[in-house]
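Presented below is the structure to which this report refers.
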Amino acid sequence: MEAGEIGGALLFVLAAAAALATAVSTGAVDFSRPLTVGGRLDFQDTISWFIGVFDGSSSSESAGGVSLADVYELWVRVRGGVIAPVLQVAVWVCMVMSVMLAVEAVYNSVVSLGVKVIGWRPEWRFKWEPIAGDDEEKGTDAHYPMVLVQIPMYNELEVYKLSIGAACELEWPKDRIIVQVLDDSTDPYIKNLVELECEEWASKGMNIKYTTRSGRKGFKAGALKKGMEYDYAKQCEYVAIFDADFQPEQDFLLRTVPFLVHNPKVALVQARWTFVNDTASLLTRVQKMFFDYHFKVEQEAGSATFSFFSFNGTAGVWRAAAIKEAGGWKDRTTVEDMDLAVRATLKGWKFIYVGDIRVKSELPSTYKDYCRQQFRWSCGGAHLFRQVAKDILAAKDVSVVKKFHMLYSFFLVRRVVAPTVTCILYNIILPISVMIPELFIPVWGIAYIPMVLLVVTAIRHPKNIHILPFWILFENVMTMHRLRAALAGLFELSEFNEWAVTKKVGNNFEDTDVPLLQKTRKRIRDRVNFREMLFAAFLFFCASYNLVFPGKTSYYFNLYLQGLAFVFLGLNFTGTCTWCQ
C-alpha cells in the first residue's frame with residue numbers, strides 16, 4: 001500500500017470522528033435514549049426505516065435528531081436485511097469452491113500416494129535405454145544427439161559461476177553439446193565477470209557461447225527466443241534449460257535425453273527441484289513444503305494420469321522440434337514456461353516428469369522476494385488462463401478428458417479457486433462473521449474441509465509434520481498476495497505484466513543469517529509491509545470483538561493466531577530456524 005493510500009485512510013477516519021463529535025455537540029445524536037429494536041429484518045423495511053429516520057417521518061421518540069438507538073437500529077436492520085444476505089451468498093459460493101478444492105487435492109494426493117506405493121516409474125510407460133550401450137560401435141559420439149544447454153541470467157553475481165560450472169561439467173561428448181549463456185545483465189561489472197567465466201571454460205575446450213542483447217524485451221522468454229535463432233542452436237535436437245541458480249548433477253543429460261530419443265511424441269522431460277538452503281530459516285522450510293507438494297503431488301499426478309503438467313521453467317529438457325511446432329517462446333505472460341507447455345500439449349505432445357532426477361537450486365531467502373516470485377507466478381497463471389481457455393476448447397489433438405483436466409483442474413481450481421476461497425473465506429468472511437450473528441457458516445466448510453486438506457498434505461510430508469502449523473499460518477498470509485495476483489492477471493490490472501528477478505545469495509547462504517527484522521533499508525515502507533499490518537489490525541479487531549461479545553461462535557483464538565502471522569510477516573519476522581531442524 002502506498003503512503004498516499006494510508007494517508008487517505010487516516011484522513012477519512014479523522015473526518016468521520018470529527019463529524020461524529022460535531023453531531024454529538026449539536027445534539028443531533030442523543031446518547032440518552034433507550035435502545036428499542038424490533039420488526040422483521042427485511043431489505044425493503046430497512047430502506048423505508050432509513051428514509052424515515054432522516055426525513056422525520058419515522059416513529060422516533062426524539063424530535064430533535066438521530067439518537068444512538070436509531071443508529072444501532074439502523075445497523076441491525078442493514079446488517080440483517082442487506083449485509084447478511086449478501087455475505088450468505090458469498091459463503092455458499094465459497095462452500096462450493098471449498099468442495100472443488102478438497103476434491104482436487106484428495107484426487108491428486110491419492111494418485112500421488114498410489115504411484116509411490118506401487119513404485120510406478122516413467123519407464124513403465126515410456127521406453128528408456130542408455131544411449132551408450134555395451135556395443136563399442138553404438139557407444140561412439142555419433143550416437144549422441146546435439147544438445148543445447150541454455151542458461152538465462154540477469155545480474156546473477158552470486159550464482160553465475162555455479163550454474164555455468166555445473167552445465168560445463170555435464171557428462172556428454174564435448175563435440176555434441178553447446179552451453180549457451182544468455183546474459184541480460186545491466187551491470188557492466190557483472191557482465192564482464194560472466195563473459196570472463198565463459199572464456200575460461202572455452203579455454204578448457206568447452207563449446208560455450210556467451211550472448212547478450214541490446215534490451216530486455218520479453219525478459220526470460222525474449223532471451224530464450226533470441227538464443228534459439230543462432231545457427232548453431234538450430235543444429236541441436238534437444239534443449240536443456242537451467243536458471244542461473246540451478247546446478248544439475250553430471251549425469252542429468254544421460255538420464256533425461258534417452259526418454260526423448262526413444263519416444264518421438266515426448267516433448268519435455270521435467271526433473272524435480274531440491275534446495276541448498278531449505279533449512280536456513282523457518283521461511284525456507286515452509287517454502288520447501290509448498291514446493292514439495294507441487295512436485296510430489298501435482299506434478300506426479302499430472303504425469304502419471306494425463307501426461308500433462310506445467311513446465312517449471314528450468315531443470316527440464318525440451319525437444320527443439322516441439323518448441324518450434326508450438327510457436328516458440330512468447331512473452332505475452334510472465335509464465336512463459338507454462339504458456340509453452342500448454343501450447344505444446346494442444347499440438348499433441350506428451351510430457352514426462354521424473355521425480356528421481358533432482359536438480360539443486362535456491363529458495364528465496366527473504367519474505368519480499370518470495371512474495372514477488374509468487375505474485376509473478378500466480379498472476380501469470382491466471383492471465384494465461386484468460387488467454388488460452390478458448391484454444392483449449394477448440395483443440396483437435398487433445399482428448400475431452402485432458403481438456404477437462406487442463407481447464408478445470410490445472411487452471412480453474414489451482415489458479416483461480418484456490419487463492420480466492422482461502423483468502424476470502426478465512427481472511428475476510430470468517431472474521432466478519434463474528435459481528436454478523438445472522439450469518440450462517442457450515443461447520444463442515446470451515447472445519448472438516450480444512451482438516452481434509454491438512455491430512456492430505458501431512459501424508460506427503462511426514463518428516464515435516466511439526467512445521468505444519470507454521471506452514472498453515474504462512475500460507476494463510478500468502479493467499480492475500482495470490483488472490484491479488486490472480487485478480488490482476490484475470491482482469492489485466494496494472495501489475496499483471498511486472499517481472500522481478502528473485503535475488504540469490506549463492507554459496508554465501510551458510511554465512512548469511514536471515515534477519516528477524518530487516519533493518520538494512522532506512523525507509524519504513526521498505527522495512528514494514530503495510531498490507532500485512534492493516535490486515536493484522538483487522539483480524540485483531542475481529543478477534544477482540546469476538547472475545548468480548550462471544551455470541552454463538554468463538555473464533556477469537558484462531559483469529560489472533562492469524563493476526564500474529566500477518567504481524568510477523570508484516571515486520572519481515574522470519575528468522576533462522578535452528579530449533580526446528
Steps toward side chain to side chain contact (heavy atoms under 4.5 Å, CB included) verdict (R332, V388)
CA-CA 11 Å; R332 58 181 180 174; V388 302; 3.6 Å; yes
Step-by-step side chain to side chain contact (heavy atoms under 4.5 Å, CB included) determination, V179 to W201:
CA-CA 10 Å; V179 176; W201 279 102; over 6 Å; no
Assess whether ring pair (Phe, Tyr, Trp, His ring centres under 6.0 Å) is satisfied between F351 and F311, documenting all intermediate values.
CA-CA 9 Å; F351 302 158; F311 173 47; 8.5 Å; no
Evaluate Q150 against L182 for side chain to side chain contact (heavy atoms under 4.5 Å, CB included), listing each step before the verdict.
CA-CA 7 Å; Q150 292 184 309; L182 305 166; 4.0 Å; yes
Pair V269-F126, side chain to side chain contact (heavy atoms under 4.5 Å, CB included): steps then yes or no:
CA-CA 11 Å; V269 179; F126 299 96; over 6 Å; no
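Within the structure, the salt bridge (Lys or Arg N to Asp or Glu O under 4.0 Å) test picks out the following pairs touching residues 243-252 (sequence neighbours left out): K220-D243. Each side-chain hydrogen bond (donor to acceptor under 3.5 Å, both in side chains) pair with one or both residues in residues 384-401, not counting sequence neighbours, would appear here, but there are none.
The CZ atom of R484 sits 12.5 Å away from atom CD of Q374, with the distance rounded to the nearest 0.5 Å.
Comment: E475 engages R482 in a salt bridge, judged by a side-chain N to carboxylate O separation of less than 4.0 angstrom. One finds a salt bridge joining D292 and R272 here, because a Lys/Arg side-chain nitrogen approaches an Asp/Glu carboxylate oxygen to under 4.0 Å.
Among residues two or more places apart in sequence or in another chain, the ring pair (Phe, Tyr, Trp, His ring centres under 6.0 Å) test is passed with W377 by F291. Judged as a salt bridge (charged side-chain N to carboxylate O under 4.0 Å, His left out), and not counting sequence neighbours, the contacts of E123 are R121. Under the rule for a side chain to side chain contact (heavy atoms under 4.5 Å, CB included), the partners of F538 that lie at least two apart in sequence or sit in another chain are P431, I432, F535, C542. In this structure, the side chain to side chain contact (heavy atoms under 4.5 Å, CB included) partners of D331, at least two apart in sequence or on a different chain, are K217, A221. Remark: S409 pairs with E104 by the side chain to side chain donor-acceptor pair (under 3.5 Å) rule, at least two apart or across chains. Applying the side chain to side chain contact (heavy atoms under 4.5 Å, CB included) criterion to L473, with sequence neighbours excluded, gives L561, A565. Applying the side chain to side chain contact (heavy atoms under 4.5 Å, CB included) rule to E325 yields the partners K347, W349; only residues at least two apart in sequence or on another chain are considered. Looking at residues two or more places apart in sequence or on another chain, you find no salt bridge (charged side-chain N to carboxylate O under 4.0 Å, His left out) involving R176. Residues passing the ring pair (Phe, Tyr, Trp, His ring centres under 6.0 Å) test with F385 are F411, sequence neighbours excluded. Judged as a ring pair (Phe, Tyr, Trp, His ring centres under 6.0 Å), and not counting sequence neighbours, the contacts of F219 are W499.
A side-chain donor-acceptor contact under 3.5 Å links N427 and N476. For the residue pair S185 and D183, a side-chain donor N or O sits within less than 3.5 Å of a side-chain acceptor on the partner.
Using a 4.5 Å heavy-atom cutoff, the side chains of V93 and I424 are not in contact. Within the 4.5 Å cutoff, the side chain of L569 has no heavy atoms near those of the N529 side chain.
For V335 against G381, the heavy-atom pair with the smallest separation is CG2-N, 3.7 Å. The shortest non-hydrogen separation linking L453 to A102 is CD2-CA, 3.9 Å. Closest approach of E156 to A244, counting heavy atoms only: CG-CB, 3.5 Å.
Cation-pi geometry between K402 and F308 is not satisfied (NZ or CZ under 6.0 Å from the ring centre, within 45° of the ring normal). Figure legend: cation-pi geometry between R285 and F470 absent, as NZ or CZ is not positioned both under 6.0 Å from the six-membered ring centre and within 45° of its axis.
Between F246 and W273, a ring centre-to-centre spacing shorter than 6.0 Å is recorded.
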